[in-house]
Amino acid sequence: MNPATAFGTVLADELVRCGLREAVLAPGSRSAPIALALHGRAEGGDLRLHVRIDERSAAFLALGLAKASRRPVVIACTSGTATAHLHAAVIEADEAGLPLIVLTADRPPELRGTGANQTIDQLKLYGGAVRWFCEAGLPEARAGMAAYWRSLACRAWAVASGEAGGFAGPVHVNVPLREPLVPGPDDPGGWPEPLDGRPGGAPWTTFGGPPSAQHARPAATAGLEISWAERGVVVCGDGDADPAPLLQLAEQAGWPVLAEPSSSARRGPNALSAYPYLLAMPAFVAGHRPDVIISAGRPSLSRGQLAFLKGAPGGRPARHIVLAQGPGRWADPARSATEVAGAIRLRPPDRGAIRPGGPAWLESWRRADAAARRAVDAVLDETGPLDETGPLTGAGQLTGPRLARDLAATLPDGALLWAASSLPVRDLDQQLAPRPGLRILASRGASGIDGLVSAAIGAALAHQAAGGGAACALLGDLAFLHDAPGLLLGPDEPRPDLCVVVVNNDGGGIFSTLEQAAIRGSFERLFGTPHGAGLGQLAAAAGLPHAVLARPADLPGQLAGSGLRIVEVRTDREAEAALRARLHEQAAAAVRAVLAGQPAQGRPANG
Ligand SMILES: Cc1ncc(C[n+]2csc(CCOP(=O)(O)OP(=O)(O)O)c2C)c(N)n1
Ligand SMILES: [Mg+2]
């Protein structure tokens, strides 16, 4: 066996022993030993291999697989600029704590810095975005290599997964390989020592316990016991942690849960549906100042949410306890944290302190939430003559906000919904009724609009490999176009059942809701960025079915299909910006009416 082949074979074997089940590859010559070894293991049924032409799409596919499966995924590519295309996904994986094992093939040292073909400086290419960088030694046919390669694979696995005790995330192994890169007739027959791994298929090195094991937790993120306070609020940002303990605490304490769609916490009796409308209302917030806020995950979705965490000047909550995302990682975007904890327990309140059946504090949030929900739903449900002629949002036609609401309500239990950055995830935040049974994922680590087709495909593939049901992605048109290469799947590639629903407003609709909208003259070119692209033609080029959806009533039929397919909903940026403003106005009017009938609930502003 030649050294490069031996390396690839042993590395793949050891990663399979660690638990590798999915690997993604982009084509190239230098990476051939890794490609052939992964393919061999895939043929043997040990893992699933996915191949993509575009490294950026490949890396985001791996990210989606890792996110939905919650286990490390290998992404491998050749040397040169190919490696740079992985960077965006590596950054998202870093921010979101997703376990990627990045294997970049490289030229051997003698070819570096010489102008040799496809040779760049790949050392520490991803900077601080990886948990661990390793320049592997050049494979050599001598004793000791098996232990080296196997222990290296285990270290990569353990650091990426968090099994080594840290926060999960990407690792980068740069792999110099010298020719021959494929097995050949001149290869030496033997090897100086057996290349076998541990007996019984065990990994070379195992690590003591799961990632968040109590004993591995640093003092700064140890568990915290807090005593009951009447006015508490739980804020859940993006994150995939088990929400059950926090939801239970909120129920015990009688606190509302303000949960972003991708927090997995918008469920249970205390979760609110229309809270973004409440947090956008100064009058409501002023009357509902909490004594304590507990936040989890990565809050970042709306200005109202951040302002609420920060607290009004003079009305800052006495405590803001941040539940750490993992060892050494916590989100405190408003710089308002008073404590960071790895777990929070509620000290049982004095008998009778909680009034069962609805303490005033929780009831006040719920009443306002229900009023806002009713008012918003009434606007979304307005019916009227359907304008069949164009993309304008005539009454009775699907709008982005209504689509988000109806989509989340229509998907069956066990479904997965991938929510794109920009308006899709915000529409869900404003319209999503609390429900269990729907898994919502989003790239909120760095909130890019890149790689989202591929990430959604990866998530759907992993979701369905684990026995999960339907999958759907809700994307804006720019996000969809940004990852058009993600639609290109070769004939041998695993395909998910995934309905990609694209809200096509011919540009970046979010900018029409921001200050930039007031810029006259250059707004369209600089921010709106209309493109006029034909999504149907793009789908056809990728060999995928495409349909245009206009009527809300047709949504269930479109979702019922199978395979990878595109459903386009045409909307108008300007008209929808006006609609969104109207939703806020109607919600605020309804909440004001509720507030007028009850006393203020919060701490006084100087409290
Ligand atoms: C990779 C990347 N580039 C640019 C941005 C900035 N950005 C945020 S939202 C947005 C517009 C997205 O448009 P679209 O996907 O059509 O969604 P819409 O705003 O219309 O809902 C852009 C360009 C980003 N978040 N990520
Ligand atoms: Mg758009």
Side-chain angles (χ1 to χ4, degrees), residues 54-57 59-60 63 84-96 129 238 261-262 276 298 300-303 391-393 398-405 407 417-431 442-456 473-487 500-517 519 522-535 538 548-549 566-581 583:
D54 182 323
E55 285 80 10
R56 187 172 66 185
S57 299
F60 276 105
L63 184 124
H85 293 292
L86 311 182
H87 204 153
V90 168
I91 288 170
E92 174 62 27
D94 171 23
E95 294 292 337
D238 174 72
S262 61
R298 271 184 78 109
S300 68
L301 203 47
S302 67
R303 291 177 183 182
L392 290 179
T393 46
L398 261 184
T399 59
R402 176 160 185 176
L403 175 65
R405 185 196 65 177
L407 191 59
L417 173 59
W418 186 279
S421 302
S422 205
L423 293 177
V425 70
R426 293 185 169 82
D427 280 342
L428 281 167
D429 196 33
Q430 291 170 8
Q431 312 307 340
S443 278
R444 296 298 305 165
S447 302
I449 58 158
D450 43 355
L452 296 180
V453 170
S454 300
L474 182 62
L475 307 185
D477 50 310
L478 294 192
F480 180 73
L481 293 171
H482 208 291
D483 191 24
L487 297 170
V500 180
V501 180
V502 185
V503 183
N504 185 3
N505 52 16
D506 196 24
I510 196 168
F511 301 117
S512 299
T513 70
L514 301 176
E515 294 80 359
Q516 287 92 333
I519 297 170
S522 55
F523 174 82
E524 270 300 278
R525 184 162 176 227
L526 299 186
F527 302 101
T529 53
H531 45 77
L535 305 195
L538 190 62
V548 175
L549 171 66
I566 315 300
V567 170
E568 178 180 356
V569 177
R570 295 181 183 152
T571 65
D572 180 85
R573 283 185 269 127
E574 292 262 318
E576 293 221 336
L579 169 68
R580 285 164 212 284
L583 293 176

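Numbering of ligands and ligand atoms starts at 1, following listing order. Quick note: numbers below take in every heavy atom, side chains included, and nothing from hydrogens, waters or symmetry partners. Here, residue 1 is the first one in the sequence, and each next residue gets the next number.
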Fill in the blank from the handout: Looking only at non-hydrogen atoms, the one of L481, N504, L478, D477 nearest atom 13 (O) of ligand 1 is L478
Fill in the blank from the handout: Across all chains, not counting sequence neighbours, the side chain to side chain contact (heavy atoms under 4.5 Å, CB included) partners of R426 are L301, R444, I510
Handout entry: Non-hydrogen protein atom less than 4.0 angstrom from atom 22 (C) of ligand 1
Key = yes
Handout entry: Where ligand 1 meets P424 - atom numbers and elements under 4.0 angstrom, heavy-atom basis
Key = 21 (O)
Exercise for the section: Using a strict 4.0 Å cut-off to heavy atoms of G509, name the atoms of ligand 1 that fall inside it. Expected result: 18 (P), 19 (O), 20 (O)
Exercise for the section: Could you grab the protein N, O or S atoms closer than 2.8 Å to the Mg ion (ligand 2) for me? Expected result: D477 OD1, N505 OD1, G507 O
Completion exercise
A student comparing L474, L452, D427, I449 should find that the heavy atom closest to atom 4 (C) of ligand 1 comes from I449
Problem - G508 neighbourhood, listing ligand 1 atoms whose heavy-atom distance to it stays under 4.0 Å - result: 11 (C), 13 (O), 19 (O), 20 (O)
Completion exercise
Rounded to the nearest 0.5 Å, the CG atom of L535 sits from the CG atom of L487 at a distance of 10.0 Å
Practice task
Provide the closest heavy-atom pair for A93 versus L63 in the form atom of the first, atom of the second, distance.
Solution key: N-CD1, 3.6 Å
Practice task
Please say whether S421 places an N or O atom under 3.5 Å from an N or O atom belonging to ligand 1.
Solution key: no
Exercise for the section: Heavy-atom distances under 4.0 Å are what count here, so tell me which part of F480 touches ligand 1: side chain, backbone, both or neither. Expected result: neither
Exercise for the section: Verify the neighbour count for atom CD of E524: are there more than 12 heavy atoms of other residues, nucleotides or ligands below 6.0 Å? Expected result: yes
Problem - Test side chain to side chain contact (heavy atoms under 4.5 Å, CB included) applied to I519 - qualifying residues, sequence neighbours left out - result: Q516, S522, F527
Handout entry: Heavy-atom side-chain contact between V453 and L475 under 4.5 Å
Key = yes
Completion exercise
A student comparing D450, V425, L475, T529 should find that the heavy atom closest to atom 1 (C) of ligand 1 comes from D450
Problem - Option whose closest heavy atom lies nearest to atom 17 (O) of ligand 1, chosen from A420, S443, S422 - result: S422
Fill in the blank from the handout: Looking only at heavy atoms, the pair that brings L428 and A419 closest together is CD1-CB, 3.6 Å
Exercise for the section: For ligand 1, note which part of A88 has a heavy atom under 4.0 Å away: side chain, backbone, both or neither. Expected result: neither
Handout entry: Heavy-atom donor-acceptor pair, E576 side chain to T571 backbone, under 3.5 Å
Key = no
Completion exercise
Honestly, for L423 the part within reach of ligand 1 (heavy atoms, under 4.0 Å) is both
Exercise for the section: Would you please determine whether G507 falls within less than 4.0 Å of ligand 1 on a heavy-atom basis? Expected result: yes
Practice task
Report, in ascending order of atom number, the atoms of ligand 1 lying under 4.0 Å from any heavy atom of G448.
Solution key: 25 (N), 26 (N)
Practice task
Could you tell me which atoms of ligand 1, counted from 1 in the order shown, lie closer than 4.0 angstrom to a heavy atom of S447?
Solution key: 25 (N)
Handout entry: Short side-chain to backbone donor-acceptor contact, S262 and D238, under 3.5 Å
Key = no
Problem - Non-hydrogen atoms of A517 and S512 that approach each other most closely - result: CB-O, 3.5 Å
Handout entry: Proximal ligand 1 atoms for A479, defined as those under 4.0 Å from one of its heavy atoms
Key = 15 (O)
Practice task
Using side chain to side chain donor-acceptor pair (under 3.5 Å) as the criterion, list what pairs up with R405, not counting sequence neighbours.
Solution key: D377, D381
Exercise for the section: Please answer whether the main-chain N or O of D450 pairs with a side-chain N or O of D483 as donor and acceptor at a distance below 3.5 Å. Expected result: no
Exercise for the section: Indicate yes or no for a side-chain donor-acceptor contact from E55 to the backbone of L86 under 3.5 Å, with no hydrogens or angles considered. Expected result: no
Exercise for the section: Give yes or no for whether the N/O distance cutoff of 3.5 Å, strictly under, is met between F511 and ligand 1. Expected result: no
Practice task
Give a yes or no on whether a salt bridge exists between R570 and D506, defined as a side-chain N under 4.0 angstrom from a carboxylate O.
Solution key: no
